[in-house]
Each structure stands twice: as C-alpha cells, then as structure tokens.
Amino acid sequence: MPPVFRSRIFLGGCLVLAVALCYLPAMSAGFVWDDDLLVTENPLVKGADSLPYIWASSAATDYTPLTTTAFWLQWRLWADNPVGYHFVNILLFALSALLLWRVIELLAIPGAWLGALLFAVHPVNVASVAWIAELKNALSLPLYLAAVACWLRFLDSRKIAPWLLALAATALALLSKGSTVILPLVLLLCLWWKQRRVRGCDLLWLLPFFLLAALGALATIHFQSRLVEAAPAPMPERIARAGHAIWFYLGKDVWPFALCAVYPKWRLDGNFLPLILAAGLAVALWFAQKRLTRGPFFAWAYFIVALPPVLGLVNMSFLDQAYVADWWQQLALPAACALVAAGLTLWPGRTIAERSIAAVFLVLFLCGRTFTDASAYQSMESLCIRTLKYNPDSWTAHDNLGNVYNLDGDLALAAHEYEIALRLKPSDPATHSNLGTVYARLDRLDDAIAQYRAALALAPDSAKYWFNLGNAFRAKRSNAAALDAFTHAVDNNARWISPRYAMGSVLLDLGRPADAGLQAATIMHLDPSSITGHYLMARAAAASSRFDIAVAEAEAALEIAQQSGDAKTILQMQEALAACKSRMQPLSPPP
C-alpha cells in the first residue's frame with residue numbers, strides 16, 4: 001500500500017468523508033419533533049440579552065448552558081434556516097470520530113482507525129446527528145472524548161497540563177449534557193486498563209472529576225424534576241427495566257434495524273434476569289482475563305459504566321414516552337465498535353485480505369443503514385410516519401403528525417391524529433389545546449372550548465391555553481367570557497403582547513376605549529417598536545373621537561410597517577390611517 005494511504009491526514013480525511021456521505025440526507029432536512037421548543041421558539045435562543053439567563057437562571061428546560069449558548073450563537077448566524085444547524089452537528093460528529101480514533105490508539109487497542117470508522121457510520125448515531133435538538137449529544141461527545149484523551153496523555157506523561165485539560169474538557173462536557181457525569185468512572189476504568197491496578201494516589205487525581213460530576217448530577221436531577229409529570233416507578237421496577245435496557249442497546253448495536261425516535265414501552269413485571277445476566281457476564285469475563293485477554297472485560301465494563309444515567313434509574317421526562325432512546329447510548333457505543341474492530345484486526349487464521357473484505361462489507365452495510373435512517377429526518381411528517389411504523393402507540397408521534405396536517409390545512413386528518421393521541425394519553429394538555437385549535441378552525445366552537453377547558457384543567461397556569469380559550473369565546477361573540485380568559489392569559493404571562501391586544505379589542509367591543517388604551521400603552525412600553533401597540537392605540541383614540549391622536553398613532557404604525565417591508569401589513573396600516581383621517585375607527589384585522 002502506498003505510504004499516502006497510511007498517512008494520518010489521509011485516514012482522518014476518510015473518517016470525515018464517511019461521516020459527510022452518510023449524513024448527506026440530513027443537510028436537506030428540516031426542523032423536527034422538539035426543535036421548536038429548543039431552538040426556533042425558544043426565547044432564550046432568540047433573545048439578544050439571554051446569555052445571563054442561560055447561564056445563571058432556571059429558565060431553561062434543562063441545565064445545558066453550553067449547548068443553549070451554541071444554539072444562541074447559531075440563531076444569530078442562520079436564524080430559522082436548518083441547513084446551518086445540521087452542518088454544525090455533522091461537523092462536530094466528524095470531530096468526535098477523529099477524537100475516538102485517538103482515544104483507542106492511546107488505549108493501545110488494535111484496529112483503532114477501524115473502530116472509529118465503525119462508530120462514525122453506525123446508524124445508532126443518526127438521532128444524535130440528524131436531529132437538530134440533539135446538539136447536546138453532538139457537542140458533548142467531542143468534549144467527552146477530549147477529556148478521556150487528555151487523561152490518557154496524563155497517565156503516560158504525569159504532567160499537569162494534560163490533567164488540567166482533561167478537567168476543563170470534563171467541565172465543558174457536563175455543561176453540554178448531563179449524562180456525561182459518568183466521565184470519572186470512565187477515567188477510572190481507563191486507569192485500570194493502562195496500569196492494571198488503581199493506587200490511592202491515583203484516586204486523588206480523580207477526586208476533582210468526581211466533584212464536578214456530582215455537581216452536574218445534582219443540576220440535572222433538579223431541572224428534570226420540574227419536567228416530570230408522573231410519579232417515578234418503584235425502584236425494583238426501574239432496576240428491572242435498566243437490566244433490559246442494557247441488552248436492548250447491545251442488540252441495536254449488533255443488529256441496527258427498526259430504529260425509531262420513540263420505542264414501544266415494555267412490561268417486565270419485576271423480571272431481574274436481564275440484569276443478572278449482565279452482571280454474570282461481567283464476572284465471567286473478569287475471571288476469563290488470562291485466557292481471553294482483558295479486552296472483552298474492559299469493553300463490557302465500559303459499556304455498562306457508560307449507561308447508568310440513561311437507564312431510567314433516575315426519573316426523567318422522556319420516560320413518559322419510552323424507556324430507551326438511540327441518543328441515550330451514544331457514549332456506550334464506542335465499546336462495541338472498538339471490540340469488533342480489534343476482533344477483525346486480530347482474527348486468527350484469516351489473511352489480511354479476508355479480514356479487510358469482512359471489514360469493508362461491515363462498513364458498507366452500516367453506511368447504507370445510516371444513510372437510509374438519516375433520510376427519515378427530512379421532515380416532521382417523514383419522522384413521525386417512520387416512528388409510527390415501529391410504534392403505532394406513540395402518542396407524541398400522533399400529536400406531532402397532527403401538527404403537520406394542521407399547518408398544511410388538512411384539518412380532518414389533523415383532528416384524527418390528535419384524537420388518537422388523546423386516546424393514548426388523555427392527560428396531555430398540549431394535545432387537548434391542539435385539538436381545540438383544529439375544532440375552532442372547523443367552526444366547532446363549543447368542541448374547541450371543551451378541549452381548551454380540558455387543557456386548562458391539566459395546566460391551569462398556561463397563558464397559551466387561556467389565550468386560545470379567549471379567542472374561541474370571542475369567535476362566539478361571548479365578550480365577557482373572552483375578556484376573563486384573556487385576563488388570565490395576561491396574569492400568567494404579563495410580557496406576552498398577543499393576549500393584551502386581544503383584550504384591548506374586546507374592551508373596544510364592550511365600549512371601554514379608555515381601558516383598551518391602557519392595554520395599548522402597556523404593549524408600547526413592552527415593545528416600543530410594536531405595530532400592534534400603536535395600531536390598538538389608534539383604534540382606542542378613534543373610538544373616543546380623539547382623531548388627532550388616532551392619526552398620529554396610525555402614522556407611527558405605518559412607519560414601523562414600512563420598515564418591516566411586509567406588504568400585507570403596510571396595506572392594513574394604510575387603510576387604518578385613511579380611516580382615522582376620515583374620522584372613522586379602523587376596523588381592519590390586527591397586524
């Protein structure tokens with residue numbers, strides 16, 4: 001083989017190229033699932049002054065400030081264009097493949113490059129790479145691997161610089177994703193692998209890592225506890241599920257078919273056999289080290305050590321949907337890939353050509369699976385349909401598919417999907433609200449009001465659901481009930497402009513222009529550049545026959561509209577200004 005094909009630059013380039021080719025479909029994919037919650041509709045991401053709140057408040061759904069900051073920076077670069085976000089995820093994953101290659105080399109495990117390649121093209125990683133919201137996986141993984149690589153360099157050199165770098169990378173990984181709390185245990189396992197023993201002085205070097213991990217674990221548990229709706233399952237049941245999850249993840253590593261975003265739940269009824277088998281295999285491999293070498297035990301021990309944060313032992317919000325997820329096992333997958341690569345490299349009784357052919361077929365198989373699975377993330381509809389193919393009882397997939405049909409204007413199909421979702425999970429307030437919105441668009445206002453009330457019974461402090469209820473009452477011309485609902489919406493979110501405008505409109509209908517003017521003044525205080533505030537003030541002033549003020553406010557609204565360049569809004573404000581100059585109240589719809 002020519003030397004150029006053995007050079008590190010060429011081999012590294014091949015890893016990057018493999019990642020790029022496998023995830024080519026993701027580059028044309030859109031926003032899916034909860035990308036709106038974490039990115040496109042996240043006020044922390046969109047707010048120009050959000051950084052202090054990202055790092056020093058509990059405003060986020062989870063304490064991953066480095067990940068949220070990365071989204072904040074990307075929003076300023078590509079806003080709601082998904083291409084940039086996908087490019088960053090793919091680039092970070094390619095960096096992870098390169099770092100894993102280096103880690104396996106530092107561990108002196110044969111077939112390091114092949115192990116990294118198998119990891120790079122394995123379809124289990126698709127959810128972590130092709131899903132924009134999983135930036136926390138894509139960002140935390142290279143930091144996690146960098147921490148391991150620096151720790152291994154420290155063990156070889158005993159110099160303080162790589163130790164400090166390992167500690168810094170650990171802190172950054174924890175700030176990216178909570179499941180990296182297992183890093184100290186991984187470093188301890190690497191210490192045993194390198195030195196064949198663990199001395200007391202070595203544990204002192206690991207102490208700061210354990211302290212950082214403890215802080216990260218406390219933060220994650222605190223934030224997750226606010227999101228969990230249901231009470232945790234009894235601990236024996238959670239332990240039984242954890243044992244089953246270990247084998248589930250290993251099965252997906254070996255046979256990566258039927259991968260989906262939300263897996264069906266299973267019932268174990270206290271079956272501890274999977275956990276006993278996992279522990280028994282660890283014991284057997286420990287005592288078989290002299291005959292089999294230490295590699296199989298090290299791989300199995302690492303695989304198990306990397307999973308506890310995501311085995312459901314600690315209650316997490318996603319457990320309401322599934323007990324396992326592909327993106328949860330990303331930190332464990334390198335063990336399987338490294339073990340297979342070492343086995344292929346050292347395959348006794350086989351020539352280099354035979355081993356190479358086997359490796360090529362395996363890599364091509366994984367590439368094909370990854371390319372196909374990445375294509376499922378093209379759109380919300382394609383991802384939901386794929387999920388429902390393998391899990392027809394996924395209420396969240398039905399709900400998301402209903403959102404797709406709702407946006408497309410196919411209201412009958414949207415209502416059908418929402419109704420299925422509610423049969424599967426009647427306690428989800430968002431689905432009740434979504435169904436109410438569809439019923440309102442179908443002019444089934446009484447049914448819509450019933451769904452909004454059901455949502456509020458489950459989430460009485462939701463400004464959104466109160467706002468929706470107010471709009472339904474307003475469509476029925478029940479102004480008193482609408483005003484009460486809008487008041488509740490404002491009480492629960494005083495900075496939200498839309499219910500204030502709606503409240504002002506109802507007050508005008510009730511003949512209370514002065515009160516409507518107060519709402520307009522509040523809107524302009526909250527956002528001085530708001531067209532809505534000036535427009536409502538113009539309407540309130542015209543209703544009080546103060547047409548000089550009405551004209552001034554309509555002119556201000558028109559000027560702001562012209563700066564935005566929105567032709568429809570400009571036309572509305574021109575009509576409003578003409579009405580005010582004609583000493584009439586503008587009645588055009590809100591901007």
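No hydrogens, no waters, no symmetry mates; every other heavy atom, side chains included, goes into these values.
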Open item on the list: Using only atom types and a distance under 3.5 Å, with no angle test, would you say the side chain of Arg102 pairs donor to acceptor with the backbone of Leu98?
Closed with: no
Task: Non-hydrogen atoms of Val103 and Leu152 that approach each other most closely - done: O-CD1, 3.9 Å
Open item on the list: Rounded at 0.5 Å granularity, tell me how far OG in Ser140 sits from CD in Gln330.
Closed with: 6.5 Å
TODO: Can you measure from CG (Leu107) to OH (Tyr302) and round to the nearest 0.5 angstrom?
DONE: 10.0 Å
Task: Chi angles and distances behind the side chain to side chain contact (heavy atoms under 4.5 Å, CB included) call for Val88, Gln74 - done: CA-CA 9 Å; Val88 169; Gln74 289 189 75; 3.3 Å; yes
Open item on the list: Tell me whether Arg238 contacts the main-chain N or O of Ala233 through its side chain, where contact means a donor paired with an acceptor under 3.5 Å.
Closed with: yes
Open item on the list: Are Phe31 and Tyr85, when compared by the centres of their aromatic rings, separated by less than 6.0 Å?
Closed with: yes
Open item on the list: Is any side-chain heavy atom of Phe298 closer than 4.5 Å to one of Trp192?
Closed with: yes
- [ ] Compare every heavy atom of Asp326 with every heavy atom of Ala127, then report the nearest pair and how far apart it is.
- [x] CB-CB, 4.4 Å
TODO: Over 60° means perpendicular and under 30° means parallel, so classify the ring planes of Phe248 and Tyr263, tilted if in between.
DONE: perpendicular
- [ ] Classify the ring geometry between Trp151 and Phe154 as parallel (under 30°), tilted (30 to 60°) or perpendicular (over 60°).
- [x] tilted
Task: From CA spacing to verdict: side chain to side chain contact (heavy atoms under 4.5 Å, CB included), Thr370, Asn125 - done: CA-CA 8 Å; Thr370 297; Asn125 288 311; over 6 Å; no
Task: Side-chain donor-acceptor pair present, Gln321, Ser394, cut-off under 3.5 Å - done: no
- [ ] Output yes when a side-chain donor or acceptor of Trp328 lies under 3.5 Å from a complementary backbone atom of Tyr323, and no otherwise.
- [x] no
Task: Plane angle bin for Trp266 and His244 - parallel if under 30°, tilted between 30 and 60°, otherwise perpendicular - done: tilted
Task: Side-chain ion pair, Asp156 and Lys194, N-O less than 4.0 Å - done: yes
Task: Cys337 SG to Asp253 CG distance, which is reported to the nearest 0.5 Å - done: 7.0 Å
Task: Residue pair Val19 / Leu15, side-chain heavy-atom distance below 4.5 Å - done: no
Open item on the list: Would you say CZ of Phe87 has more than 12 non-hydrogen atoms from neighbouring residues, nucleotides or ligands within 6.0 angstrom?
Closed with: no
Open item on the list: If I compare all heavy atoms of Gly115 with all of Leu100, which pair ends up nearest, and what's the gap?
Closed with: O-CD2, 4.4 Å
Open item on the list: Can you confirm whether Trp163 sits close enough to Phe209 that some side-chain heavy atom of one is under 4.5 Å from a side-chain heavy atom of the other?
Closed with: yes
Task: Side-chain (Gln224) to main-chain (Ser317) donor-acceptor, under 3.5 angstrom - done: yes
TODO: May I ask you to decide whether Lys265 forms a salt bridge with Asp393, counting only side-chain N to carboxylate O separations under 4.0 Å?
DONE: no
Open item on the list: Taking Trp395's backbone N and O only, do any of them form a donor-acceptor pair with Asp399's side chain (distance below 3.5 Å, no angle check)?
Closed with: no
Task: Sidechain-backbone polar pair: Trp113 side chain, Glu105 backbone, donor-acceptor under 3.5 Å - done: no
TODO: Say whether, by atom type as modelled, one donor and one acceptor occur between the side chain of Ser128 and the main chain of Glu134 under 3.5 angstrom.
DONE: no
Open item on the list: Can you tell me how far apart CZ (Arg241) and CG (Leu275) are? Round to the nearest 0.5 Å.
Closed with: 13.0 Å
- [ ] Using a strict 4.0 Å threshold on nitrogen-to-oxygen distance, state whether Asp36 and Lys46 make a salt bridge.
- [x] no
- [ ] Can you label the angle between the Phe93 ring and the Tyr23 ring as parallel, tilted or perpendicular, going by 30° and 60°?
- [x] perpendicular
Open item on the list: Taking CZ in Arg197 as the centre, count heavy atoms belonging to other residues, nucleotides or ligands within less than 6.0 Å. Is the count above 12?
Closed with: no
Open item on the list: Just so I know, are the side chains of Val148 and Leu183 near enough to count as touching, which here means a heavy-atom distance under 4.5 Å?
Closed with: yes
TODO: Considering non-hydrogen atoms only, spot the tightest contact between Leu167 and Pro208 and give its length.
DONE: CD1-CB, 3.9 Å
TODO: Find out whether Leu141 and Leu145 are in side-chain contact, i.e. whether some heavy atom of one side chain is under 4.5 Å from a heavy atom of the other.
DONE: yes
TODO: Quick one: closest heavy-atom pair of Gln329 and Phe303, and the distance?
DONE: OE1-CE1, 4.3 Å
Open item on the list: Determine whether Leu174 and Leu215 satisfy the following criterion, side chain to side chain contact (heavy atoms under 4.5 Å, CB included), listing intermediate values before the conclusion.
Closed with: CA-CA 9 Å; Leu174 289 166; Leu215 291 174; over 6 Å; no
TODO: Kindly indicate whether the side chain of Tyr63, heavy atoms from C-beta on, has any atom under 4.5 Å from the side chain of Thr220.
DONE: no
TODO: State the CG-CG distance between Leu95 and Leu139, to the nearest 0.5 angstrom.
DONE: 10.0 Å
Task: Test log, rule side chain to side chain contact (heavy atoms under 4.5 Å, CB included), inputs Asp202 and Gln195 - done: CA-CA 10 Å; Asp202 294 322; Gln195 299 183 170; 3.1 Å; yes
Task: Phe318 and Trp327 aromatic ring geometry - parallel, tilted or perpendicular at 30°/60° bounds - done: perpendicular
Open item on the list: Within the 4.5 Å heavy-atom criterion, are Arg369 and Leu259 side-chain neighbours or not?
Closed with: no
Task: Asp35 (side chain) donor-acceptor with Val32 (main chain) under 3.5 angstrom - done: yes
Task: Distance (rounded to the nearest 0.5 Å) between Leu319 CG and Leu311 CG - done: 10.0 Å
Task: Main-chain N/O of Ala138 paired with Asn89 side-chain donor or acceptor, under 3.5 Å - done: no
Open item on the list: Testing the basics here: between Ile109 and Ala338, what is the closest heavy-atom pair and its distance to 0.1 Å?
Closed with: CG2-O, 4.4 Å
- [ ] For Ser176 and Thr67, indicate whether the former's side chain and the latter's backbone hold a donor-acceptor pair under 3.5 Å.
- [x] no
Open item on the list: Are Leu155 and Trp205 packed together at the side-chain level, in the sense that at least one heavy-atom pair is separated by less than 4.5 angstrom?
Closed with: no
